[in-house]
There are 2 protein chains.
Amino acid sequence: MLTAAPDTASQILDIAERLVQTRGFNAFSYADIAAELHVTKASLHYHFPTKAELGRHLIDRYRTAFVAALDRIDRSGGDSNAKLRAYVQIYAEVLDDGRMCLCGMLAADYVTLPPTMKEAVRGFFDANEAWLAETLRSGRKKKELAFAGSPVAAAQALVGALEGAMLVARMHANPARFRSASRRLLAAYAAGSRASRAAAPA
Amino acid sequence: MLTAAPDTASQILDIAERLVQTRGFNAFSYADIAAELHVTKASLHYHFPTKAELGRHLIDRYRTAFVAALDRIDRSGGDSNAKLRAYVQIYAEVLDDGRMCLCGMLAADYVTLPPTMKEAVRGFFDANEAWLAETLRSGRKKKELAFAGSPVAAAQALVGALEGAMLVARMHANPARFRSASRRLLAAYAAGSRASRAAAPA
DNA sequence: GTCTATAGGTGGATAGAC
DNA sequence: GTCTATCCACCTATAGAC
């Protein structure tokens, strides 16, 4: 399966994505992309007329790639604990590249985002939490996982915790910190450990 | 104990603080503060010559207030579980006001911050984690808490998880979500629950 | 599709009167 | 301490030639 030569639009998205993940949506400009891609700002506006549209495409592409990764995990045949570890690994690899999760970063910028982007960011988290909730639900049913309360509430807590662990670890330029924190988080869901039957449901 | 009439500098900090907590450091301007305080931008520069200095003062004040709150918790006489609940409550009240933690927000903006602000943000987290680590350590010693691994690693994981829970809950304009997530997090440390002896140390 | 040129606005910051 | 006036850099976005 060959990788096609990247068209200009994809190259723009690649650069913009990294800029948003490192600096945030309000702290990068068309000029930054133009300089890196060796084109003028006007050329960028041909591909993405407004910054809001560029942002929207960024989120859509990111979400599609994320969902594809989740599908691969589902098809990998591992048990629920392995699935959760693979899920965390997605985050870890982003962080190893010195980046924050795109939508975690946009969650911080949320108040200032154009309405279309707000909606798309929420959609990313909804998709994430839906996958996690289903994974947690079926894992508990199979007794591979054990936890208190609803799978949905547990999924929401886990997503938030991972995003925060990423945020702090990136600040300290210390990916090991994320792995330590995520190991601790997942341990609370493993059926084997005595950490599993947590407190009252939410 | 009377509250003194707020001087201009404090009023500026109050407004700037809320703007940073809601919009981020790069998404507010002197013009925003000036409009709200009904003064000119030039007046603001008399009190805080540069935005970097304003930001530095914001962090220092926030940290001082936070440390004071932690001292009050220590003097409250509650057990370790009550202390942790009171700690989480500090976050919850900020969120109830529609705000993100000041330094959690600045952690997202971290790459773009002036060096003096970067240092101050790290200092805030260090102080937080030091208090939490000591609270966890002594709580485990007194058998009020139970958890695996070092108190420092546990404190780091907890701080990250709370910041992330805040970030996501604020995006959804749903403070209840934060309370649900934080309850779940704290449950993993209570000695009474079977959730306490978590997996391998980090 | 990419360019030059520019519009129209806002950013942080300064000089100097009052 | 606060004001008016201003500077210059940067922002997103557009018009129109090639």
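Remember, predicted model here, so these are calculated numbers, not experimental data. Naming: A, B, ... by sequence-line order, numbering from 1 per chain.
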In this structure, which one of Val20(A), Thr112(A), Leu19(A) forms a side-chain contact (heavy atoms from CB on, under 4.5 Å) with Phe25(A)?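 Among the candidates, only Val20(A) passes.
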Side-chain donor/acceptor pairs under 3.5 Å, residues 116-125 of chain A, sequence neighbours excluded:
unit_1, atom_1, unit_2, atom_2, d
Arg122(A), NH1, Tyr110(A), OH, 2.5

Please list all pairs passing the salt bridge (charged side-chain N to carboxylate O under 4.0 Å, His left out) test where one or both residues lie in residues 95-116 of chain A, with sequence neighbours left out.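 Pairs touching residues 95-116 of chain A that pass the test: Glu17(A)-Arg99(A), Asp96(A)-Arg179(A), Asp97(A)-Arg99(A).
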Quick test of your reading: applying salt bridge (charged side-chain N to carboxylate O under 4.0 Å, His left out), list the pairs with at least one residue in residues 51-60 of chain A, sequence neighbours left out, ordered by first then second residue.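 The answer is Arg56(A)-Asp60(A).
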Is there side-chain contact between [X] and [Y], with heavy atoms separated by less than 4.5 Å?
X         : Y         : answer
Leu162(B) : Phe178(B) : yes
Asn128(A) : Leu132(A) : no
Met100(B) : Glu163(B) : yes

Arg18(B)/Glu36(B) salt bridge by N-O under 4.0 Å criterion: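 Answer for the salt bridge query: yes.
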Got a sec? Which of residues 15-23 of chain B come in under 4.0 Å of DNA chain C, heavy atoms?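 None - not one residue of the stretch has a heavy atom sitting under 4.0 Å from the strand.
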Kindly say if Thr40(A) contacts the phosphate of dC3(C), meaning a side-chain N or O under 4.0 Å from OP1 or OP2.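 True: Thr40(A) side-chain N/O within range (under 4.0 Å) of dC3(C) OP1/OP2.
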dG1(C) phosphate, OP1 or OP2, under 4.0 Å from Ser43(A) side-chain N/O: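 Ser43(A) to dG1(C) OP1/OP2: no side-chain N or O under 4.0 Å.
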Quick one: [X] [atom1] to [N] [atom2], roughly how many Å, whole number?
X        : N       : atom1 : atom2 : result
Ile33(A) : dT12(D) : CD1   : P     : 9 Å
Asn26(B) : dT10(C) : CG    : P     : 18 Å
Asp7(A)  : dT2(C)  : CG    : P     : 10 Å
Leu54(A) : dC11(D) : CG    : P     : 14 Å
Tyr46(B) : dT4(D)  : OH    : P     : 18 Å
Asp32(B) : dG11(C) : CG    : P     : 6 Å
Leu37(B) : dC3(D)  : CG    : C1'   : 14 Å

Atom NE2 of His57(A): over 12 foreign heavy atoms under 6.0 Å: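 Counting neighbours around NE2 of His57(A), 12 or fewer heavy atoms of other residues, nucleotides or ligands fall under 6.0 Å, so no.
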For Lys141(B), does the NZ atom have more than 12 heavy-atom neighbours from other residues, nucleotides or ligands under 6.0 Å away?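 Not more than 12 within 6.0 Å, no.
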Polar-atom pairs under 3.5 Å, protein N or O versus N or O of nucleotides 13-17 of chain C: list them with distances, or write none.
unit_1, atom_1, unit_2, atom_2, d
dA13(C), OP2, Lys51(B), N, 2.8
dA13(C), N7, His45(B), NE2, 3.2

So, taking the atom named OH in Tyr30(A) and the one named CD1 in Ile12(A), what distance separates them when rounded to the nearest 0.5 Å?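 Reported to 0.5 Å precision, the distance equals 8.0 Å.
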Of Phe28(B) and Thr8(A), whose closest DNA chain C nucleotide lies nearer the 5' terminus?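 So the residue in question is Thr8(A).
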Enumerate all atom pairs, one protein N or O and one N or O from nucleotides 8-10 of chain D, separated by less than 3.5 Å.
none

